[in-house]
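One structure below.
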Amino acid sequence: MKSRSLLSVLTIAIMFAACSKSENIVKEDPKPAPTDSTVTATGKYILTVTPIASTGVADYIVTSNSLDEGKVSIIGNGLEQDGTYRYYLTTNNKFFSFLYGQGNPGAVTAYNLIDGKLKKLTNFQTETVQAFAPVNDDVLLMKISRNIASPTSYWYRVNTNSLTITGEGSFNTKEVLNNGELAFFSWMTQVGNKVYAPIFSIKGAAPSAFSTNYPNSTWIAVFSYPEMKIEKIIKDNRTSYIGQYFTNGLGVVANGDVYAFSPANASDGTKITSTNPSAILRIPSGTTEFDKNYFFNVAEISGGYNIENWTYVGGNNFIVSSSKKQSDGTYSDATTIAAVNVVDKTFKIVSGLPKSDEVKSFTERNNYSKKDGKTGYIGVNLTSGESYVYKIDASTATATKGLKVEGGAITAIEHLD
C-alpha cells in the first residue's frame, strides 16, 4: 500500500472502524514539545512515572544517565504527558507512548533523542488498541473485538521512519477458532518474517466477556507480514492460554526458539477454571509447532507460583513476575520476582528486594535489559511512597538497589541512543 500522511490515513482508519463522527477527528499537537533540561548529549535511560495523586494525574517522562545510582525527580522536571494509563514501546530508536483510552480514542506520541534532549516527533489520536508490537521498521497495532455480536477486528501498520500508516485491514475474529467464541489476541511478536499472536478464546458477551468454555487450551495465530493473513493456528492442550491481557507471553531467545508462558488463570468470570498448571512451552526455531518433548511445569518446580509477566535478558534467561494461587482459586497481583532459565528449567526467587509487604507494585511490563544474558532493570514502588530502580542479575537471582525516582510510581524503563 502506498504510504499516506498520518493525519489523513488515521482519519480514514478511524472512520473505517465505525466510530462516531466526533471521534473521527485527528488532531496534531501544534505546540512544541518541552524538554528535560538535565539531559546531556549522550544516550539516556527513559523512565515514565505516575505522580502520587488521587485525581487529575498525568504521567511524566524523565531521563537519567544511570539506572544504578543517583536520583531523579518529576517535580519541576521532565515532560508532562496528556493523561495516565499509558503503555510504551521503544523501537527504531524512537520512544512511543500510547494512551489507553478505555473505549475512547487514545493519543499516540513519539519521541527521539536529539543532542541529548527528548524531542516530540508526532502526536495524534487513533483508536484505542489492545495490542501493539515492533515488526521490522513498523509498529503493528491491533484493535480487537470483545463483542461477539460485532466480531470485526482491525490492524494498522505505522512506519517508524516516515511516521505514516502504510497498511491497514480487518478480519472476523469469530472465524479464527471456529468454536463459537471470539479469538482475542493477548499480544503480538515478530518471529522471523512472521507475526505470532497468542489467543484467548472468549465468549464476548455478558455477564463476562472474557470467560471461556476452553480454559485448558492453547492457540497461537501465525500471520504473514505485511499482509497480516492468518497462515496457521498452532495448538496445544497442556496449558491454558498464553500471556495475559496486554501482556506478551512469548519470548524469542538467541537461537531463534520461541518460548511461551501460560499464567493458568482462564476463568468463568467468577473463578479460575484452568486446571492445567502455569507452564512454559517451546516452538523450535524454524518450525510452527509446539515441541511435544518440552514442557516446563513452572507451578510444580516453583512450589506453586505462576508466571504473570516476563522480561527477556538474553541467552536463555528471563526475569519473571509471579504470585501464588490463593485459597479462593485466584491470583493476586505479582508479589514475587524470580529468575527463570528456560533451557535448564530453573525458577529461582530473587533475593535483595524489599519485603513483599513493603512493595506496592512492580513494573511488570516495559522493563529494560541490555540483553547480556543476565542483567535486567525493574521498577519497585513501595508502600512508603518511595520508588527505586532495581538491577536484577538473573544468573545469581540477586537484586541491587539503584536509581531513586521521586514524586511518583515508576511505570516503564526504556533507553534511547
Side-chain angles (χ1 to χ4, degrees), residues 130-131 144-146 148 151 173-189 196-205 207-222 230 232-251 258-284 287-310 320-332 334 340 342 345 347:
Q130 289 76 34
I144 311 163
S145 172
R146 63 187 73 182
I148 200 161
T173 41
K174 189 178 178 181
E175 298 175 350
V176 174
L177 297 176
N178 291 313
N179 64 357
E181 296 188 350
L182 284 176
F184 190 96
F185 303 101
S186 59
W187 208 246
M188 301 177 292
T189 299
Y196 283 26
I199 297 171
F200 298 176
S201 181
I202 66 171
K203 292 181 180 179
S208 178
F210 279 87
S211 64
T212 180
N213 289 325
Y214 304 93
N216 290 313
S217 295
T218 302
W219 302 272
I220 297 176
V222 178
I230 296 178
K232 184 176 183 179
I233 303 294
I234 307 172
K235 304 176 183 179
D236 205 283
N237 291 313
R238 293 175 291 172
T239 62
S240 184
Y241 55 67
I242 298 300
Q244 299 197 87
Y245 182 80
F246 242 84
T247 298
N248 189 1
L250 299 183
V258 180
Y259 289 87
F261 80 81
S262 170
N265 59 4
S267 78
D268 63 4
T270 60
K271 63 183 182 301
I272 291 175
T273 53
S274 301
T275 57
N276 286 337
S278 180
I280 298 173
L281 303 177
R282 178 170 64 193
I283 302 170
T287 73
T288 53
E289 294 289 346
F290 286 113
D291 183 348
K292 299 302 182 182
N293 296 316
Y294 178 92
F295 187 72
F296 182 175
N297 189 329
V298 172
E300 180 180 64
I301 290 174
S302 69
Y305 285 93
N306 76 343
I307 296 180
E308 298 188 3
N309 214 325
W310 62 5
V320 307
S321 54
S322 307
S323 65
K324 279 192 173 183
K325 189 177 288 187
Q326 308 301 304
S327 59
D328 61 359
T330 64
Y331 287 102
S332 60
V340 164
V342 291
K345 297 183 180 179
F347 182 104

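Across all non-hydrogen atoms, the minimal contact from Ser321 to Ala334 is CB-CB, 3.7 Å. Pairing each heavy atom of Ser240 with each of Pro215, the nearest pair is OG-O, 2.7 Å. Among all heavy-atom pairs drawn from Pro277 and Ala264, the shortest one is C-CB, 3.6 Å. Across every non-hydrogen atom of Val320 and Trp310, the tightest pair is CG1-CB, 3.7 Å. Minimum heavy-atom separation, Ile144 to Phe185: CD1-O, 3.3 Å. For the residue pair Pro151 and Ser145, the shortest heavy atom distance occurs at CA-OG, 3.7 Å.
Side-chain polar atoms of Thr218 and Asn237 form no donor-acceptor pair below 3.5 angstrom. A side-chain donor from one of Asn265 and Gln244 sits under 3.5 Å from a side-chain acceptor of the other. A donor atom on one side chain and an acceptor atom on the other are found under 3.5 Å apart for Asn216 and Thr275. No side-chain donor-acceptor contact under 3.5 Å links Asp268 and Ser211.
Across Tyr245, Phe246, Phe200, a single residue satisfies ring pair (Phe, Tyr, Trp, His ring centres under 6.0 Å) together with Trp187, and that is Phe246.
Taking a 6.0 Å sphere around NZ of Lys235, one finds it holds 12 or fewer heavy atoms contributed by other residues, nucleotides or ligands.
Taking the side chain as every heavy atom from C-beta outward, Asn306 and Ser323 approach each other to under 4.5 Å.
Panel note: side chain Ser186, backbone Ile242; a donor-acceptor pair is recorded below 3.5 Å. Checked by atom type and distance alone, the side chain of Ser262 pairs as donor or acceptor with a backbone atom of Tyr241 at under 3.5 Å. Between the side chain of Glu308 and the backbone N or O of Ser322 there is no donor-acceptor pair closer than 3.5 Å. In terms of modelled atom types and a separation under 3.5 Å, the side chain of Lys345 and the main chain of Phe295 share a donor-acceptor contact. Counting only distance, with no hydrogens or angles, the side chain of Ser302 and the backbone of Tyr305 share a donor-acceptor pair below 3.5 Å.
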Between Tyr259 and Phe296, is a ring-ring contact (aromatic ring centres under 6.0 Å, His included) present by the stated rule, with each step listed? CA-CA 10 Å; Tyr259 289 87; Phe296 182 175; 9.0 Å; no
Before you tell me yes or no, could you show the steps for Ile233 and Ile220 under side-chain contact (heavy atoms from CB on, under 4.5 Å), namely the whole-Å CA-CA distance, both residues' side-chain angles and the distance that decides it to 0.1 Å? CA-CA 6 Å; Ile233 303 294; Ile220 297 176; over 6 Å; no
Evaluate side-chain contact (heavy atoms from CB on, under 4.5 Å) for Tyr294 paired with Ile280, printing each intermediate quantity in order. CA-CA 9 Å; Tyr294 178 92; Ile280 298 173; 4.1 Å; yes
Steps toward side-chain contact (heavy atoms from CB on, under 4.5 Å) verdict (Ser201, Leu182): CA-CA 6 Å; Ser201 181; Leu182 284 176; over 6 Å; no
Derivation of the side-chain contact (heavy atoms from CB on, under 4.5 Å) call for Tyr196 and Ile234: CA-CA 10 Å; Tyr196 283 26; Ile234 307 172; 4.2 Å; yes
As a quick check of understanding, evaluate side-chain hydrogen bond (donor to acceptor under 3.5 Å, both in side chains) for Ser274 and Asn276, giving each step before the final call. CA-CA 6 Å; Ser274 301; Asn276 286 337; over 6 Å; no
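Geometrically, Lys203 does not engage Tyr214 in a cation-pi contact, judged by NZ or CZ lying under 6.0 Å from the ring centre and within 45° of the ring axis.
Checked for salt-bridge contact, Lys232 and Glu289 meet the test: a charged N lies under 4.0 Å from a carboxylate O.
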